[in-house]
Student: 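Sharing a structure below in structure tokens format, with a few things to ask.
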Amino acid sequence: MWRFPFQKRAREELRGDWSERDLALEDAPWSPLHGLDDMDRGDRRPPEFEEPSRYARGWRRFMPGRVRDRSWLWWISRWIAAILLIFMLLVGYLAVTAPLNKSLQPIAPPQITLLAADGTPIARNGAMVDEPVEIADLPDHVIQPFLAIEDRRFYDHWGVDPRGIARAAFTGVGGGSTITQQLAKFTFLSPEQTLTRKAREALIAFWLEAWLTKDEILERYLSNAYFGDNMYGIRAASLHYFYRHPENLKPEQAAMLAGLLQAPSRLAPTRNPDLAAKRYALVKNAMVAAGYLTQEQADAMRVPALDVRTRNDLPTGTYFADWALPEARELSDISYSRQTLTTTLDSRLQGIARRVIDRAPLGEAQVALVAMRTNGEVVAMIGGKDYSQSPFNRATQARRQPGSTFKLFVYLAALRDGWDADDTIANTEFTSGSYRPSNYNSRYSDELTLREAFAQSSNVAAVRLFNAVGSEAVIETARDLGVTSALPTGDPSLALGTSTMSLLELTAAYAGVAANAYPIEARAFPAEEEGWFDWLADGRGSLNRSDHQQMLELLRGAINNGTGSAATLSVPNFGKTGTTQNNRDALFVGFAGDLVVGVWIGNDDNSPLDGVTGGGLPARIWRDFMRGALGTEAAPPRPTPSPDPSGPVEPLDVPDLEDIPLGDGRRLIIRDGEAIIVTDIDGVPVEVGVRDGDFSFEVDEEAAERRIEEALRREAEPVP
């Protein structure tokens with residue numbers, strides 16, 4: 001440290017008068033006098049003598065000096081003021097954005113509009129809503145179950161019940177939201193699951209409690225809540241499930257209805273009676289806990305019997321829309337707002353499917369077609385020849401035998417077990433054992449490669465391969481590909497497709513092979529884009545490269561060199577034919593490009609078809625659809641107006657007026673300037689077309705060949 005230059009001389013002069021003791025003390029390092037001369041001039045004390053600040057540590061050292069000495073009371077008052085300011089700003093924001101005025105207006109019936117992928121309206125479905133109820137007219141035993149299970153302190157709170165929330169969290173009985181909050185949620189708010197929506201819900205609940213009486217709130221709630229099966233309000237629900245007005249409901253019937261409100265679609269007794277019964281038992285326990293019933297009375301209440309009668313059904317007019325609506329209601333969270341949802345349906349592909357089906361010489365048989373992308377998004381669906389005549393969806397609801405299309409799982413199980421496509425297997429006739437399957441054409445040989453056996457759809461080879469691999473491996477393969485239908489273990493006939501399943505389920509399994517990612521779930525709405533974490537955790541499996549490549553070779557050979565030759569395209573194509581016993585079902589399932597398509601033909605009464613096999617008409621329908629869908633034979637584009645979501649619904653599944661029945665199974669179809677007569681000659685389907693003076697003639701060659709063989713066989717038989 002810098003020192004005053006004259007200080008040392010003055011000190012030396014003074015030292016001459018000091019005693020030795022004074023000098024020793026002055027020079028001692030521990031002396032109080034030591035180092036005094038080293039201090040800077042001024043009043044500041046040296047650092048070693050400064051008192052440490054009381055805020056040298058702790059959070060206050062970061063505060064400006066002017067506020068460090070503020071008291072705790074000062075700080076608490078500032079924090080309370082800040083919280084109140086934030087709360088007031090939040091309430092103001094919610095008051096501006098929440099539909100408070102709407103909450104006091106009459107509730108409009110909910111409505112869902114489904115759009116095709118291009119925005120074309122394909123269905124507009126409203127709700128089944130009946131007359132509202134009045135609390136004064138309802139017996140106590142009708143009201144009490146709803147209070148017990150949904151809001152036990154309804155008449156004691158102001159819209160939000162902290163005690164009810166705590167009880168629901170700890171006991172699992174009762175809802176965390178009050179009846180007033182639920183009314184606000186399903187009638188005035190969007191289905192988003194956010195804290196903002198919950199805050200609006202609470203604010204609307206307080207608003208309703210301020211302007212309406214408790215009975216008026218309960219009347220609105222019971223008159224508009226969703227009870228499943230498209231039934232809104234307790235009157236519509238009681239008439240639907242028990243064919244009774246709510247004023248006449250029995251105690252057990254009212255308790256059953258009260259239990260549905262938690263998850264109406266899942267708990268509806270018409271769909272899941274076991275789940276509904278379990279929920280009904282929970283409602284009775286809640287009524288006992290609330291004091292509405294004694295335990296003896298609750299034990300005496302049995303599960304009520306349903307009395308469902310068809311009344312005012314609202315079909316959509318579209319097979320696809322009927323299938324998509326249940327999922328649409330789940331996506332919309334049963335909201336009362338008028339919702340518009342975009343589906344995966346492709347209007348162009350649906351139109352191609354309808355035209356192809358209309359041209360097919362089906363006679364009295366029914367037909368189904370499902371087209372999906374390899375990710376499971378369904379882009380076209382035909383559930384029958386004419387929705388207006390039969391809305392039963394044979395693509396999703398009918399469960400029929402898949403026939404030889406099931407051999408996909410047998411051969412794939414063999415490949416996974418180490419077999420090779422060029423390995424051989426016996427193709428000889430079964431002469432022993434209780435089960436003796438035969439080949440469709442009664443043709444046998446010593447042996448075939450797996451590639452040849454699959455292409456020829458050899459039944460005896462498939463059963464031998466099934467026995468060699470084992471039923472467990474085949475069933476495991478089917479399960480991996482998403483088949484959920486019952487599959488009997490140890491039954492060799494399973495190899496020939498004797499177990500039933502829906503066409504949608506079968507087509508989705510083939511999509512798993514096409515995408516080499518399984519299982520594939522058929523969906524009516526676009527899937528959310530997966531992130532990398534979702535991709536890692538999705539649980540999907542895949543075939544190794546060799547097995548997948550060989551399976552594709554088998555499927556391609558079945559079209560190009562086998563029973564599916566009628567489905568051949570000019571682009572790489574893969575598929576398999578299927579025909580069940582006595583020609584009761586005929587199928588073709590395959591894929592090309594990014595499309596996976598399944599086609600089924602059969603009679604609703606399961607009677608035999610007249611000469612139709614999987615390699616015949618179903619394969620040709622598949623080929624014609626694929627040609628149009630993939631653009632290999634696309635019609636010239638025509639200008640179309642932009643779709644209007646609020647416009648009229650397009651009747652996609654009702655045949656056009658240009659399809660004219662001529663009687664005796666004949667039909668005249670007019671499409672794009674071409675007139676086509678569809679008929680059959682001695683059981684052989686024939687199409688004759690005329691366009692600009694040019695004739696076209698198409699015959700089902702396989703059916704014709706089979707008829708000739710039958711005629712020759714009859715001629716060769718001796719005359720009795």
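Quick note: residue numbers are just sequence positions, from 1.
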Student: Please report the C-alpha distance between Asp480 and Arg416 in whole Å, then the side-chain angles of each, then the deciding distance to 0.1 Å, and finally whether the side chain to side chain contact (heavy atoms under 4.5 Å, CB included) criterion is met.
Tutor: CA-CA 12 Å; Asp480 288 345; Arg416 295 171 72 181; 2.9 Å; yes

Student: Looking only at heavy atoms, which two atoms of Gly575 and Ala558 are closest? And how far apart?
Tutor: O-CB, 3.3 Å

Student: Would you say that Tyr387 contacts Asp322 through its side chain, given a criterion of any heavy-atom pair below 4.5 Å between the two side chains?
Tutor: yes

Student: Can you check whether Thr568's main-chain N or O pairs, donor with acceptor, with Arg623's side chain at less than 3.5 Å?
Tutor: no

Student: Contact between Phe588 and Ile601 at the side-chain level, heavy atoms closer than 4.5 Å - yes or no?
Tutor: no

Student: Spell out, as yes or no, whether a donor-acceptor pair under 3.5 Å connects the side chain of Thr500 to the backbone of Gln401.
Tutor: no

Student: Test: salt bridge (charged side-chain N to carboxylate O under 4.0 Å, His left out). Region: residues 566-594. Which pairs qualify, not counting sequence neighbours?
Tutor: Arg400-Asp585

Student: Going through the checks in order, is the side chain to side chain contact (heavy atoms under 4.5 Å, CB included) test met by Leu617 and Leu362?
Tutor: CA-CA 8 Å; Leu617 187 55; Leu362 295 167; 3.8 Å; yes

Student: When you compare the side chain of Asn375 with that of Arg523, does any pair of heavy atoms fall below 4.5 Å?
Tutor: no

Student: Under a plain distance cut-off of 3.5 Å, with no hydrogens placed, do Ser404 and Ser457 share a side-chain donor-acceptor pair?
Tutor: yes

Student: Under the 3.5 angstrom rule, does the side chain of Gln397 hit a backbone N or O of Asn393 as a donor-acceptor pair?
Tutor: yes

Student: Rounded to the nearest 0.5 Å, what separation is found between the CG atom of Leu481 and the CG atom of Leu412?
Tutor: 6.0 Å

Student: If you define the side chain from C-beta out and look only at heavy atoms, does anything of Trp419 sit under 4.5 Å from Leu450?
Tutor: yes

Student: Grab the two heavy atoms, one from Tyr510 and one from Val589, that are nearest each other, plus how far apart they are.
Tutor: CG-CG1, 3.5 Å

Student: For Arg464 and Thr428, test the side chains for any donor-to-acceptor distance below 3.5 angstrom and give the result as yes or no.
Tutor: yes

Student: Check whether any side-chain heavy atom of Phe406 lies under 4.5 Å from a side-chain heavy atom of Leu487, and answer yes or no.
Tutor: yes

Student: Does Val599 offer a backbone N or O that forms a donor-acceptor pair with the side chain of Trp622 under 3.5 Å?
Tutor: no

Student: Using side chain to side chain donor-acceptor pair (under 3.5 Å) as the criterion, list what pairs up with Thr498, not counting sequence neighbours.
Tutor: Ser493

Student: Using modelled atom types only, decide if a donor and an acceptor are shared between the side chain of Tyr440 and the backbone of Thr579 within a distance under 3.5 Å.
Tutor: no

Student: Between Lys385 and Ile357, is there a donor-acceptor pair closer than 3.5 Å when you use the side chain of the first and the backbone of the second?
Tutor: no

Student: Could you check whether Arg354 pairs with Asp358 (Lys NZ or Arg NE/NH1/NH2 to Asp/Glu carboxylate O, under 4.0 Å)?
Tutor: yes

Student: Please confirm whether Arg479 makes a cation-pi placement over Phe409, using NZ or CZ under 6.0 Å from the six-membered ring centre and within 45° of the ring normal.
Tutor: no

Student: If I take atom CD from residue Glu377 and atom CZ from residue Phe525, how far apart are they, to the nearest 0.5 angstrom?
Tutor: 11.5 Å

Student: How close do Ala629 and Leu349 get, counting heavy atoms only, and between which atoms?
Tutor: CB-CD2, 3.5 Å

Student: Write down the atom of Ala514, the atom of Val596, and the distance for their closest heavy-atom approach.
Tutor: CB-CG2, 4.1 Å

Student: Please check: side-chain N/O of Glu429 versus main-chain N/O of Tyr444, any donor-acceptor pairing under 3.5 Å?
Tutor: no

Student: Between Ser445 and Asn427, do the side chains contain an N or O donor and an N or O acceptor separated by less than 3.5 Å?
Tutor: yes

Student: Taking the side chain as everything from C-beta on, heavy atoms only, tell me whether Ser499 gets closer than 4.5 Å to Leu494.
Tutor: yes

Student: When you measure from the side chain of Asn439 to the backbone of Arg443, do you find a donor-acceptor pair of N or O atoms at a distance under 3.5 Å?
Tutor: yes

Student: Quick one: CG on Leu569 to CD1 on Ile559, what's the gap to the nearest 0.5 Å?
Tutor: 7.0 Å

Student: Are the side chain of Ser471 and the backbone of Gly490 linked by a donor-acceptor contact shorter than 3.5 Å?
Tutor: yes

Student: Please find the pair of heavy atoms, one from Val513 and one from His548, that lie closest to each other, and give the distance.
Tutor: O-NE2, 2.8 Å

Student: Is there a side-chain contact between Val356 and Arg620 in this structure, where contact means two heavy atoms from C-beta onward sitting under 4.5 Å apart?
Tutor: no

Student: Show your reasoning for whether side chain to side chain contact (heavy atoms under 4.5 Å, CB included) applies to Asp346 and Arg373.
Tutor: CA-CA 11 Å; Asp346 188 309; Arg373 302 293 182 189; 4.2 Å; yes

Student: Just verifying a value: how many Å separate Leu503 CG and Thr405 OG1, rounded to the nearest 0.5 Å?
Tutor: 9.0 Å

Student: Under a 3.5 Å distance rule, please check whether Asn603 uses its side chain to pair with a backbone N or O of Asp605 as donor and acceptor.
Tutor: no

Student: The test is side chain to side chain contact (heavy atoms under 4.5 Å, CB included); show your working for Phe591 and Leu552 and say whether it passes.
Tutor: CA-CA 10 Å; Phe591 49 90; Leu552 293 181; 3.7 Å; yes

Student: For Arg394, is there an ion pair with Asp604 - N to carboxylate O distance below 4.0 angstrom?
Tutor: yes

Student: Of all heavy-atom pairs between Ala524 and Trp323, which one has the smallest distance, and what is that distance?
Tutor: CB-CZ3, 3.5 Å

Student: Could you measure the distance from the CD1 atom of Ile425 to the CD atom of Glu452? Nearest 0.5 Å is fine.
Tutor: 12.5 Å

Student: Out of the candidates Thr577, Val612, Leu369, Leu587, only one should pair with Pro618 under the side-chain contact (heavy atoms from CB on, under 4.5 Å) rule; please name it.
Tutor: Val612

Student: Any side-chain donor paired with an acceptor under 3.5 Å for Ser546 and Asn544?
Tutor: no

Student: Check whether any side-chain heavy atom of Thr507 sits under 4.5 Å from a side-chain heavy atom of Met372, and report yes or no.
Tutor: yes

Student: To the nearest 0.5 Å, what is the distance between OG1 on Thr424 and CG on Asp446?
Tutor: 10.5 Å

